[in-house]
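What follows is a single structure, written as structure tokens, with notes after it.
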Amino acid sequence: MRKELPKNYDPLDFEDRIYAEWQQKGYFKPDPDKKKKPFSIVIPPPNVTGQLHMGHALDETLQDILVRYKRMQGYSTLWIPGTDHAGIATQIKVEEQLRVNEGLTRYDLGREKFLERVWDWKKQYGSRIINQLKKLGSSCDWDHERFTMDEGCSKAVREVFVNLYNKGLIYRGFRIINWCPHCRTALSDAEVEYTEQNGNFWHIRYPVKGEEGRFVTVATTRPETMLGDTAVAVHPEDDRYADLVGKTLILPLVGREIPVIADEYVERDFGTGCVKITPAHDPNDFEVGKRHDLPVIKVMNDDATISAEYGGKYAGMDRFEARREMVKDLEEQGYLVKVEPCVHNVGTCYRCKTTVEPLTSDQWFVKMEPLAKPALEAVTSGEIRFRPERFTKTYTNWMENCHDWCISRQLWWGHRIPAFYCDACGEMTVSKEDIEVCPKCGAPVRREEDVLDTWFSSALWPFSTLGWPEQTEDLARYYPTNVLVTGYDIIFFWVARMIFSGLEHTGKKPFSTVFIHGLVRDAQGRKMSKSLGNGIDPLKIIEQYGADALRFALATGNAPGNDMRFSDEKIESARNFVNKLWNASRFVLMNLTEEDEELLALPAEEELAIEDKWILSEFNRIVRTVNENLDHYEIGVALAEIYSFTWDRFCDWYIEMAKSRIFDGGRPALTVKRVLVYVLTGILKLLHPFMPFVTEEIWQALPHEGESIMIAPYPVYDEKREYPAEEQDIERIIACITAIRTRRSEMNVAPSKKAKLFVVTKYEDSFRNTEKFLQKLASVSELAIVDSYPADDAVSIATDAGNLYIPLAEVIDFEKERARLTAEYEKNEGEILRVSKKLENEGFVSKAPAAVVEMERAKLQKYLEMRASLTEALAKLK
RNA sequence: GGAGGCUUAGCUCAGUUGGCUAGAGCACUUGCUUGACGUGCAAGGGGUCAUAGGUUCGAGUCCUAUAGUCUCCACCA
């Protein structure tokens, strides 16, 4: 007895079970068959502390679609999953937990104890996100699961660090960097987010030394930094201040003497034209300071309090408190000229949103210029391609303008920098292996405290996960990977850095295609965020609607790279489609009484009915477009094609047409069932990459060959299976049935009221071959093909296939009929005019492609036939 | 300041290299216990494709300008 599907579609019944089966059968593993072509993807590793959110859901869905598609096409697919240690993010979480639960800071615990806590946390939460990925149906090879701080990845990190250092591409230097006073670490440029904030422009006057009563007025948004001022700059060609250059000013509140200098960096028209220069706390001032050899006075501590050394009475105050106090004092002492409100961009930490403090510090950097050049070339040459293409520009702009990458972080959670200092002789050693003593003088060394930027290890992900620096089989077979799927928000953080790292360390690009998607927003189009509380939990959606519906909703109705909104309507409509597929399958299944072998054989050509050929032909065409679109990463288009074929063609027409044949029984019934099984199975295969669970569940219930739809071959276009004549026949009849339904509906004729149909047509065979459909689907009691309709008691319907007459004298309003037919006639005349004009146009006929011209000719033919029909129908009304 | 996106039906969006009478989902109107599905079936209404020019036989699609809107980068203190 064949397995039956439950009446109601309930994904909870089978999703977990099916996933477990797939995993147990080993379908996620790459096929060891060397003859198969490899296809590989590395997952953008979610943060180990994270929960699955809609962004992940979209990202994983797209990857899984590609991987499942390729797997069914016979590739040996490897999709590597894993998680990222997420340095700052994780450390913040653990510190927060520590603070809340125990009232302790990481300093209370000390480095070693604290790291134990973080590892505990990782063990506890790391598997959570992995399990959530499974809920989505992700067909990753879990045997290949990696973590950015596991042994292999850590080895790769060290290898890369030492190599870059030896090449002079990593250096340690005293520079101005972005400092997060809350996380107490340096940040890279990419990790600073600029937000517009309301602030003030304080105009402050600095007295000129030796010239009683003379002042220079500077304007600043950050008065507290004046403690570190070491000059005031004016433009060299600014006549207003020409005589001041070289003079000395007395810094208010501080009393220190600073020079007036001339530098082209100053914009004459902005502010007062005089700029206070604070090399220790402003990147531009730092550059000015270097040019003029100014002292660098750092006035803040790591927590952004004012330093004891230079703070004077403000020492120990928080920077913002100091600002208030200093403004007050400046005002009291008569130095404050005016306060001008302004909106300005303030840099904030991308993890904790604290205002970033630019300050000078000793840090480690990656020299970007030599790395950026080949990375840029790989993309501009087309070796690596962005989809959609417009993101190429985002990438190249950044790559062309990026500064050296600050990679050291004053955190504890991360890859510790493999540098060792000897206090005895001052030697620094960078080494792949840990060392205890200085190679130069033999004194004990101490290891660098800093760890590396999280993104330093993520940058190696495509090859570190495949075993690099070992030359493993995996690396040889699956690197470079084929495609990287990720959001546009991490092109700088991650994609760019993977590209230059891959090129530098493996000599190969890490992937051929970068497939970029947008953000998932809420129904109002707002970014989902914790603070807004508008996040939609994908796991709740899965519980409620099923993973297939979620995947469908995410994969459809939006163009690549664009943001999308996630709404109730969207997920409901997705669920409705799954439900439709379920029920169509139930219908097919409940009518299969024959043996599997019998049903699986596709009928011989001569046994196929006209509608069989029609649906097979249409299916075949859909197969082609789906393949083409998937090959071009047009996932939404591919899915929309399957959707409309399944619902509008297969369910609404073919199944309806099939009913009469099934219930008639006999040989034709076997044929139609075979076609039903064939096309439905084909639909399931086409849909499997998008909706893996439900397609597997139904496929298993249907007659099938093989163990799982997951490893069944993806449908391919078959040029032999094209039946243009039959397609035309059926399309013609569908148009007639629709026209009849429309007329009857307009005239409020109950569907139950059957009527005879008279047809005047030159497509006699089309009508005769499909009489049963007209009867069944257009409430026709009997079909009569005539040369001309004899009476004037009929509703007439003009079609390009001929004239249809339905004797329904009691419902006809002749005036209305005439008006309607006339309107239709006019409209048709308009079309005739439009198309004939086109065809009379010399330019069109000579320049347009022949196929297009041919199409227009056929169109004109249709309109002319329609005109004949309408003329006849109108004549009948007289 | 620089770059890019978006503007198509009441709403949310498709429309791939220019070429069938511009589509879908949702919403709306009308009818339907039609042998899987009311999470459904049938029929229908609804769009000067932001505006103005241009290229072309032909423009929602390409070019230029304008307006509105969003995002990213830069940072003039």
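Convention: sequence-line order gives letters A, B, ...; per-chain numbering from 1. Just so we're clear, the structure is a prediction, and the values are computed from it rather than from any experiment. Every heavy atom of this structure was used, including side-chain atoms; hydrogens, water molecules and symmetry mates were not.
Among the protein residues, A:K570 comes within range of no part of the nucleic acid, since none of its heavy atoms lies under 4.0 Å from any strand. Heavy atoms of A:E746 sit nowhere under 4.0 angstrom from any nucleic acid atom. Note on A:G636: nothing from the nucleic acid sits closer than 4.0 angstrom, heavy atoms only. Contact annotation for A:N345: base contact, defined as any heavy-atom pair under 4.0 Å involving a base atom. Backbone-only engagement by A:T221 is indicated by non-hydrogen atom pairs under 4.0 Å involving sugar-phosphate atoms exclusively. Within 4.0 Å (heavy atoms only), A:N629 reaches at least one base atom of the nucleic acid. Among the atoms of the strands shown, base atoms are found under 4.0 Å from some heavy atom of A:K580. As judged by a 4.0 angstrom heavy-atom cut-off over every strand, A:K659 is placed among the base-contacting residues. Using a 4.0 Å heavy-atom distance criterion, A:P849 is classed as a base contact. Across all strands, A:R744 comes closer than 4.0 Å to no nucleic acid atom at all (heavy-atom distances). Counting non-hydrogen atoms under 4.0 angstrom, A:A848 reaches a base of the nucleic acid. Using a 4.0 Å heavy-atom cutoff across all strands shown, A:Y643 reaches sugar-phosphate atoms only and no base atom. Nucleic acid contact for A:S585: none, since no nucleic acid atom lies under 4.0 Å from a heavy atom of the residue. In this structure, A:Y488 reaches neither bases nor backbone, as no heavy-atom distance under 4.0 Å exists between it and the strands shown.
The nucleotide B:G47 finds no pairing partner, because no Watson-Crick or G-U wobble arrangement with both distances shorter than 3.5 Å includes it. Partner assigned to B:G18 is none, using Watson-Crick or G-U wobble distances below 3.5 angstrom. Across all strands shown, B:C63 is found opposite B:G53 as a Watson-Crick or G-U wobble partner, with both distances under 3.5 Å. Searching all strands for a Watson-Crick or G-U wobble partner of B:U69 with both distances below 3.5 Å returns B:G5. Both distances falling under 3.5 Å, in either a Watson-Crick or a G-U wobble arrangement, place B:G40 opposite B:C32. Pairing for B:A24 goes to B:U12, judged as Watson-Crick or G-U wobble with the two contacts each under 3.5 Å.
Judged by atom type and distance alone, A:K838 does not reach the base of B:G19 through any side-chain donor-acceptor pair under 3.5 Å. The base of B:A24 has none of its N or O atoms less than 3.5 Å from a complementary donor or acceptor on the side chain of A:E641.
For the C1' atom pair drawn from B:C41 and B:G47, the interatomic distance equals 27 Å after rounding to whole Å. Across the C1' atoms, B:G15 and B:C6 are found 15 Å apart, a figure rounded to whole Å. Straight-line distance between the C1' atoms of B:A52 and B:G31: roughly 47 Å, to the nearest whole Å. To the nearest whole angstrom, the two C1' atoms, one in B:A14 and one in B:C49, are 13 Å apart. With C1' as the reference atom, B:U21 and B:C26 are 25 Å apart, rounded to whole Å.
Between A:W582 and B:G40 there is no side-chain polar atom (N or O) within less than 4.0 angstrom of OP1 or OP2. Applying the 4.0 Å criterion to OP1 and OP2 of B:C13, one finds that A:R565 has a side-chain N or O inside that range. A sub-4.0 Å separation between OP1 or OP2 of B:A14 and a side-chain N or O of A:N562 is present. A:R575 has no side-chain polar atom (N or O) that falls below the 4.0 Å cut-off from OP1 or OP2 of B:U39.
Among B:G5, B:U16, B:A36, the nucleotide with an atom closest to any side-chain atom of A:M590 is B:A36. In this structure, the nucleotide among B:G35, B:G19, B:C37 sitting nearest to the side chain of A:M855 is B:G19. Side chain of A:N558, nearest nucleotide from B:A74, B:C57, B:C13: B:C13. Set against B:A36, B:A42, B:C75, the side chain of A:H403 has B:C75 as its closest nucleotide. Of the candidate nucleotides B:U39, B:U21, B:A42, B:U21 has the atom nearest to the side chain of A:K827.
For the pair A:R222 and A:E224, the salt-bridge criterion is met [side-chain N within less than 4.0 Å of a carboxylate O]. Remark: A:D238 does not engage A:R268 in a salt bridge, criterion side-chain N to carboxylate O under 4.0 Å.
No donor-acceptor contact under 3.5 angstrom links the side chains of A:Y488 and A:N562, judged on distance only. Looking at A:Y643 and A:D648, their side chains never bring a donor and an acceptor atom within 3.5 Å of each other. With no hydrogens or angles considered, no side-chain donor-acceptor pair links A:K570 and A:T556 at under 3.5 Å.
Around atom NZ of A:K827, no more than 12 heavy atoms belonging to other residues, nucleotides or ligands sit under 6.0 Å away.
Here A:F552 and A:F690 keep their ring centres 6.0 angstrom or further from each other.
Residue-nucleotide stacking is not present for A:F270 and B:A77, judged by a side-chain ring centre under 5.5 Å from the six-membered base ring centre and planes under 30° apart.
Test A:F493, A:Y194, A:F492 against A:Y350 for ring-ring contact (aromatic ring centres under 6.0 Å, His included) and you get one pass: A:F493.
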